[in-house]
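Heads up, the thing below is written out as structure tokens.
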Amino acid sequence: MKIRKTIMDNKRMTDGGGYNPESDKADEFICDREIVQTMEYTQAHRDDAELAEKIIEKAAQCKGLTHREAAVLMECTGADITEKIFRLAREIKKKLYGNRIVMFAPLYLSDWCINGCVYCPYHAKNRHIPRRKLSQEEIRREVTALQDMGHKRLAIESGEDPVHNPIEYILESIRTIYGTHHRNGAIRRVNVNIAATTVENYRRLKEAGIGTYILFQETYNRKNYEALHPTGPKSDYAWHTEAMDRAMQGGIDDVGIGVLFGLDTWRYDLIGLLMHAEHLEARFGVGPHTISVPRICPADDIDTKDFPNAVPDDVFCRIVAVIRLAVPYTGMIISTRESEKVRAKVLELGISQISGGSRTSVGGYAGESAADTAQFDISDRRSLDEVVGWLLDLGHIPSFCTACYREGRTGDRFMSLVKRGKIADCCQPNALMTLMEYLQDYASPQTRAKGMEAIKRELENIGSDKVRELTVRHLKEIEDGKRDFRF
């Protein structure tokens, strides 16, 4: 598959360890020299409003931008250019995703870890944090609690420890999650955020029915990465960076990437993040299904003052907007690390998935775990119902939909539908039907009233008369007690 060409001179260098997005070697598809040259180029053109205008015009075609074009937009900070970037980000978000926001929750299985990551309280030398691993019965209780909140989609998290958390434990836990049903509750999609592993293990995860495999690079600066990961399997930069290639080789066609902004400069890591997306599309014909944008925050023995590259809110919002322009068809995720105020702003600029009612500790949902097992501090502590009601107040449609994964609309099949503007034919009715399930089974009276009004209003936005009529019929059937309709 051919790589998109940039407006400016951005030759792909393949000699002497240079930039090659089609390579399977980490140091070639994430090329330090190319990142440094890109930063030098953008500094030289930071006042080039004409160049920025041309890049914005290209972005408006919804065909994406190169990492260098995106980096230019981050540096051209004139008020007029900034407003145009934000306006276009809103337009692209609305065009491709409408006002739907997918809901999920993290589920922490174990905080046992043998890595030495200096920014994570789970690091092996931390003697403050209690070490805990959920039994299968404890997982059932956690899942039941999550179902009673209304969640249908989980992202399971676990430290890296081959003794306490082997792949067999992860696979057994996935079976337990899918097999747990309480009242009308069911987890319909399990996304997995665990350490880099082998092609064979990725194949086993695919066979277990996972949705998206998620792994954050943390930082793409190899030198800094190795300093931040002094010990443990994660200290192998190439093994970690090439994990998504192995996942796709193992049959997982929905992968999610991200960095932890603040570990290195946002300039370096944003460029690296977009280069990684370019690499996946160049080598496999489909880019990342999701991009996550967490920022460094306090936790147990972690002090953010130790990380001088922490990203301020205004830059963070611009990063979200520019990513939306650069990779328009990729879902974007934000967690409860961020405040209500920041989450409200970035929802407009590009975010399409958020967590709600989250706990970042092992056993945190069933009330059996103290806060001292948390991986990071939560800023948005509202319940799922409060978040759903808030989204409705903002004009968004909270969606608990998992239909694409269950109907086989993953990888290039999903991206093809999005690029042809057809995914809304499925997503809009599915969002309304899963919202109706939530309103009937879990919502407070206030949230239910808001949601019913939103469903009535949004039905008019379904373009096909046939789809609208069938959606109305299914909504009535959900009110009558039936569940799990999907397009």
Side-chain angles (χ1 to χ4, degrees), residues 26 30 35 74 106 108 111 113 115-123 126 155 157-160 191 193-196 212-237 239-241 243-244 255-277 288 290-313 315-320 322-323 330 332-339 342-343 346 351 353-355 358 360 374-380:
I30 304 294
I35 294 176
M74 285 299 302
Y108 283 74
D111 60 10
C113 191
N115 288 312
C117 314
V118 303
Y119 53 87
C120 176
Y122 289 178
H123 65 85
N126 187 351
E157 319 264 353
S158 176
E160 183 171 12
N191 297 333
N193 185 354
I194 62 169
T212 303
Y213 173 67
I214 303 165
L215 185 67
F216 299 162
Q217 180 61 28
E218 317 300 3
T219 177
Y220 285 97
N221 186 322
R222 180 169 190 149
K223 183 178 179 180
N224 196 21
Y225 179 96
E226 291 172 348
L228 290 164
H229 305 88
T231 59
K234 195 171 178 178
S235 64
D236 188 334
Y237 173 86
W239 175 256
H240 188 85
T241 309
M244 292 308 181
V255 298
I257 63 175
V259 293
L260 183 52
F261 281 104
L263 294 184
D264 204 276
T265 67
W266 61 260
R267 290 178 173 87
Y268 197 105
D269 278 335
L270 177 60
I271 295 168
L273 183 68
L274 296 177
M275 290 171 76
H276 203 168
T290 58
I291 290 178
S292 298
V293 288
R295 288 191 286 179
I296 189 73
C297 67
D300 192 62
D301 64 342
I302 306 302
D303 188 344
T304 52
K305 294 179 181 178
D306 296 330
F307 299 92
N309 292 310
V311 180
D313 288 352
V315 174
F316 180 67
C317 291
R318 193 182 186 93
I319 287 172
V320 171
V322 169
I323 292 175
T330 296
M332 292 182 66
I333 301 175
I334 196 167
S335 75
T336 47
R337 289 173 181 262
E338 300 297 339
S339 68
V342 170
R343 300 224 292 178
V346 295
I351 297 298
Q353 294 187 26
I354 68 170
S355 54
S358 300
T360 63
Q375 189 185 33
F376 58 85
D377 290 349
I378 293 172
S379 180
D380 190 343

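Every value quoted in this text rests on a predicted model; they were computed, and no experiment measured them. All values below come from the heavy atoms of this structure, side chains included, with hydrogens, waters and symmetry mates left out.
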Could you go through the side chain to side chain contact (heavy atoms under 4.5 Å, CB included) check for Ile334 and Val320 one step at a time? CA-CA 10 Å; Ile334 196 167; Val320 171; 5.9 Å; no
Measure the shortest side-chain to side-chain distance between Phe216 and Ile257 over non-hydrogen atoms and say whether it is less than 4.5 angstrom. no
To the closest 0.5 Å, what do you measure between [atom1] ([X]) and [atom2] ([Y])?
X: Leu260; Y: Glu218; atom1: CG; atom2: CD; result: 6.0 Å
X: Ile30; Y: His276; atom1: CD1; atom2: NE2; result: 6.0 Å
X: Leu228; Y: His123; atom1: CG; atom2: NE2; result: 12.5 Å
X: Glu338; Y: Ile354; atom1: CD; atom2: CD1; result: 12.0 Å
X: Thr330; Y: Leu274; atom1: OG1; atom2: CG; result: 9.5 Å
X: Tyr108; Y: Tyr122; atom1: OH; atom2: OH; result: 5.5 Å

Of all the heavy-atom pairs spanning [X] and [Y], show the shortest one and how long it is.
X: Ala243; Y: Leu215; value: CB-CD2, 3.5 Å
X: Leu263; Y: Asn224; value: O-ND2, 2.9 Å
X: Cys317; Y: Val346; value: SG-CG1, 3.9 Å
X: Tyr220; Y: Val259; value: CE1-CG1, 3.2 Å
X: Ile296; Y: Gly262; value: CG2-CA, 4.1 Å
X: Val118; Y: Phe307; value: O-CZ, 4.4 Å

Looking at Lys223 and Asp264, is there a salt bridge between them, counting it only when a charged N and a carboxylate O are closer than 4.0 Å? no
Please determine if Glu160 and Lys234 form a salt bridge, counting it only when a charged side-chain N lies under 4.0 Å from a carboxylate O. no
Go through the steps to decide whether Leu273 and Gln217 satisfy the test side chain to side chain contact (heavy atoms under 4.5 Å, CB included), and finish with yes or no. CA-CA 8 Å; Leu273 183 68; Gln217 180 61 28; over 6 Å; no
Has [X] got a side-chain atom pairing as donor or acceptor with [Y]'s backbone, closer than 3.5 angstrom?
X: Thr212; Y: Ile214; result: no
X: Asp269; Y: Phe261; result: no
X: Arg295; Y: Arg337; result: no
X: Asp380; Y: Ser339; result: no
X: Ser358; Y: Ser355; result: no
X: Tyr213; Y: Ile194; result: yes

Please name all residues satisfying side chain to side chain donor-acceptor pair (under 3.5 Å) with Tyr237, sequence neighbours left out, ordered by chain then number.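 For Tyr237, no residue satisfies side chain to side chain donor-acceptor pair (under 3.5 Å) once neighbours in sequence are set aside.
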Side chain to side chain contact (heavy atoms under 4.5 Å, CB included) between Met275 and Ile271, worked out: CA-CA 6 Å; Met275 290 171 76; Ile271 295 168; 3.8 Å; yes
Looking at His229 versus Tyr119, is the centre-to-centre ring distance below 6.0 Å? yes
With a 3.5 Å cut-off and no angle check, do the side chains of Asn309 and Thr265 form a donor-acceptor pair?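 Looking only at side-chain atoms, Thr265 and Asn309 do not form any donor-acceptor pair under 3.5 Å.
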Quiz question: by atom type and distance under 3.5 Å, do the side chains of Thr290 and Gln353 form a donor-acceptor pair? no
Kindly determine whether Ile351 and Ile333 satisfy side chain to side chain contact (heavy atoms under 4.5 Å, CB included), including the steps that lead there. CA-CA 6 Å; Ile351 297 298; Ile333 301 175; over 6 Å; no
